[in-house]
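Just below is one structure, and these are the notes that go with it.
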Amino acid sequence: MSIVHLLAQTTEGAEPGYYGLGINAIISTVLYSLLGLVLFLLAYFIIEKIVPYPVRKEIEEDQNIALGVIIGSMVIGLAIIIAAAISG
């Protein structure tokens, strides 16, 4: 089966339990991924403005492990929220 045939398939009229790889699914996945990246960047810039010291300098130069854990936790938390919103 060619990739073009897979992209053209939809779930209409398919047997139960079959999920075709439709072009709509690919477009929505790309759009949600871009939305997720924008939300990640927005959250990072908000944290950057709230914290009274430069976050990047603290993590890179001063080796502030606690701040790195906080930022990593923020990223994981946002990923869980975005994934739950996408999956419904």
Side-chain angles (χ1 to χ4, degrees):
M1 188 177 282
S2 70
I3 189 72
V4 175
H5 183 60
L6 283 173
L7 291 175
Q9 289 179 349
T10 62
T11 57
E12 289 181 30
E15 65 268 3
Y18 173 76
Y19 299 102
L21 180 62
I23 193 74
N24 291 337
I26 293 173
I27 291 172
S28 65
T29 300
V30 169
L31 289 177
Y32 279 121
S33 298
L34 291 175
L35 179 64
L37 287 172
V38 168
L39 289 175
F40 278 134
L41 289 174
L42 182 66
Y44 180 77
F45 286 127
I46 289 172
I47 293 294
E48 187 80 33
K49 296 295 179 187
I50 290 174
V51 178
Y53 45 82
V55 173
R56 187 173 184 146
K57 178 188 173 291
E58 282 290 318
I59 292 175
E60 288 180 1
E61 294 176 13
D62 298 339
Q63 301 293 315
N64 190 340
I65 296 171
L67 183 60
V69 170
I70 297 278
I71 298 295
S73 300
M74 179 196 72
V75 168
I76 291 171
L78 277 173
I80 291 171
I81 292 170
I82 292 169
I86 290 172
S87 66

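Owing to the predicted nature of the structure, the values given are computational and were not obtained by experimental measurement. Hydrogens, waters and symmetry mates are skipped; everything else that's a heavy atom, side chains included, is used.
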Between CZ of Phe40 and CG of Leu35, what distance do you get to the nearest 0.5 Å?
-> 10.5 Å

Could you give all pairs that pass the salt bridge (charged side-chain N to carboxylate O under 4.0 Å, His left out) test and reach residues 25-44, with sequence neighbours left out?
->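 Pairs touching residues 25-44 that pass the test: none.
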
Taking a hydrophobic cluster as the set of Ile, Leu, Val, Met, Phe, Trp and Tyr residues connected by side-chain heavy atoms closer than 4.5 Å, whether directly or through intermediates, do Met74 and Leu41 fall within one such cluster?
-> yes

Transitive ILVMFWY side-chain link Ile59 to Val75, under 4.5 Å | yes

For Val69, check side chain to side chain contact (heavy atoms under 4.5 Å, CB included) against everything at least two apart and list the hits.
->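 Here the qualifying residues are Ile65, Ser73.
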
Show the atom names and distances, to 0.1 Å, of all donor-acceptor pairs under 3.5 Å that link a side chain in residues 43-53 to residues at least two apart or in another chain.
residue: Tyr44; atom: OH; partner: Glu48; partner atom: OE1; Å: 3.2
residue: Glu48; atom: OE2; partner: Val55; partner atom: N; Å: 3.4

With sequence neighbours left out, write down each residue that passes salt bridge (charged side-chain N to carboxylate O under 4.0 Å, His left out) with Glu60, or none if nothing qualifies.
->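 Glu60: salt bridge (charged side-chain N to carboxylate O under 4.0 Å, His left out) contacts with Arg56.
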
Residues in salt bridge (charged side-chain N to carboxylate O under 4.0 Å, His left out) with Lys57, at least two apart?
-> Asp62

Show me the donor-acceptor pairs, under 3.5 Å and distance only, between side chains in residues 76-85 and residues at least two apart or in other chains.
none

